[in-house]
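Here's the structure we're looking at; comments come further down.
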Amino acid sequence: FFINTLVLRVHVDKEETFAAFLDRVKADAVKMLEYQSYPLELICERLKVKYPQVSFFFNMLNTGIAARQELTDMESIHIPSVQESKFEMALYISEYKNGIMIYCSYYNRLFTPQTIEGILALYIRFLQEIGEDPGKKLREYQGSTTKRKISRVKVES
């Protein structure tokens, strides 16, 4: 089983609308996918360069199975680590009929469970704001201070 990681560096222009930002990131990702048959690890090895240091990892899991199922309401759960995370923070998101599930692993030397929960709650509020109005400039998204119930968040340190 092999997953070819796509490394993207994204410049965030706060004056850009979210829709324009998303279009730009999508165009960059599509360009990068033209070279997906060349594993990054192999390229780094052949060029004798160090594998890029990546602090944050994001993976949208599109298996199709979860999209046909429904989430039940559940708050965050903390699972003690059984293996070291490769990244300072990694988010894995699965889409369901009625919401998303976020699985997060992180270095527990850098973050506390409460910090991660706060980051994820802010992320969820940010997604909700974007869903309500994707045409706003990035700087205009504040993240509501209103507490909303999180459908499901799984946190692993």
Side-chain angles (χ1 to χ4, degrees), residues 1 3-33 40 51-157:
F1 180 70
I3 297 174
N4 192 12
T5 303
L6 185 64
V7 179
L8 295 173
R9 180 175 290 181
V10 178
H11 170 74
V12 177
D13 177 359
K14 292 180 182 179
E15 295 303 313
E16 189 173 33
T17 65
F18 178 80
F21 172 75
L22 188 60
D23 286 343
R24 185 168 51 83
V25 171
K26 179 181 175 184
D28 288 349
V30 168
K31 281 185 215 170
M32 299 271 311
L33 288 172
L40 181 60
Y51 188 85
Q53 186 172 355
V54 178
S55 298
F56 180 79
F57 181 81
F58 177 87
N59 189 352
M60 183 71 182
L61 305 170
N62 292 324
T63 61
I65 296 167
R68 294 187 298 270
Q69 299 173 349
E70 291 206 13
L71 287 170
T72 57
D73 284 343
M74 184 169 73
E75 295 297 323
S76 62
I77 327 170
H78 296 278
I79 300 171
S81 180
V82 291
Q83 116 184 27
E84 183 75 20
S85 176
K86 289 177 76 174
F87 308 98
E88 291 176 10
M89 177 187 258
L91 284 184
Y92 302 87
I93 299 181
S94 296
E95 186 175 5
Y96 286 77
K97 278 183 178 179
N98 61 336
I100 61 173
M101 181 177 79
I102 300 174
Y103 171 83
C104 178
S105 65
Y106 60 94
Y107 283 163
N108 59 8
R109 292 182 308 262
L110 296 175
F111 302 103
T112 66
Q114 295 79 15
T115 301
I116 293 298
E117 283 184 12
I119 291 169
L120 294 177
L122 183 61
Y123 178 63
I124 290 167
R125 286 193 301 269
F126 184 68
L127 292 177
Q128 289 168 332
E129 275 192 62
I130 289 168
E132 291 167 6
D133 187 359
K136 287 171 43 174
K137 291 182 180 184
L138 293 176
R139 67 174 165 75
E140 296 174 326
Y141 294 107
Q142 300 297 315
S144 173
T145 56
T146 308
K147 292 233 178 200
R148 292 187 177 113
K149 191 167 187 177
I150 299 170
S151 292
R152 179 176 288 190
V153 177
K154 183 177 178 184
V155 181
E156 180 177 309
S157 59

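FYI, side chains are in, hydrogens and waters are out, and symmetry mates aren't considered; it's all heavy atoms of this structure. Since the model is a prediction, treat every value here as computed from it, not as a measurement. Residues take their numbers from the sequence shown, with the count starting at 1.
Distance check, rounded to the nearest 0.5 Å: CD of Q128 to CZ of R125 gives 8.5 Å. For the atom pair OH of Y123 and CD1 of I100, the computed distance is 6.0 Å after rounding to the nearest 0.5 Å. Taking CG of D28 as the reference point, atom NE2 of H11 lies at 12.0 Å (rounded to 0.5 Å). Note that CG of L22 and CD1 of I130 are 8.5 Å apart. Values are rounded to the nearest 0.5 Å. The OH atom of Y141 sits 9.5 Å away from the CD atom of E132 when rounded to the nearest 0.5 Å. In this structure, L91 CG and I119 CD1 are separated by 9.0 Å, a value rounded to the nearest 0.5 Å.
Every residue two or more places apart in sequence or in another chain that forms a side chain to side chain contact (heavy atoms under 4.5 Å, CB included) with L110 is listed here: E88, Y107. Every residue two or more places apart in sequence or in another chain that forms a side chain to side chain contact (heavy atoms under 4.5 Å, CB included) with A29 is listed here: L6, L8. The side chain to side chain donor-acceptor pair (under 3.5 Å) search around T115 returns T112, not counting sequence neighbours. In this structure, the side chain to side chain contact (heavy atoms under 4.5 Å, CB included) partners of V30, at least two apart in sequence or on a different chain, are K26. In terms of the side chain to side chain contact (heavy atoms under 4.5 Å, CB included) criterion, residue partners of D133 (sequence neighbours excluded) are, by chain and number, K136. Partners of Y92 under the ring pair (Phe, Tyr, Trp, His ring centres under 6.0 Å) rule, at least two apart in sequence or in another chain, are F57, Y103.
When all heavy atoms of K14 and K137 are compared, the closest pair comes out as O-CB, 3.8 Å. A pairwise comparison of heavy atoms in C104 and I116 identifies SG-CG2, 3.8 Å as the closest pair.
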* Asked: Run the side-chain contact (heavy atoms from CB on, under 4.5 Å) check on F21 and D13 step by step: do they pass?
  -> CA-CA 8 Å; F21 172 75; D13 177 359; over 6 Å; no
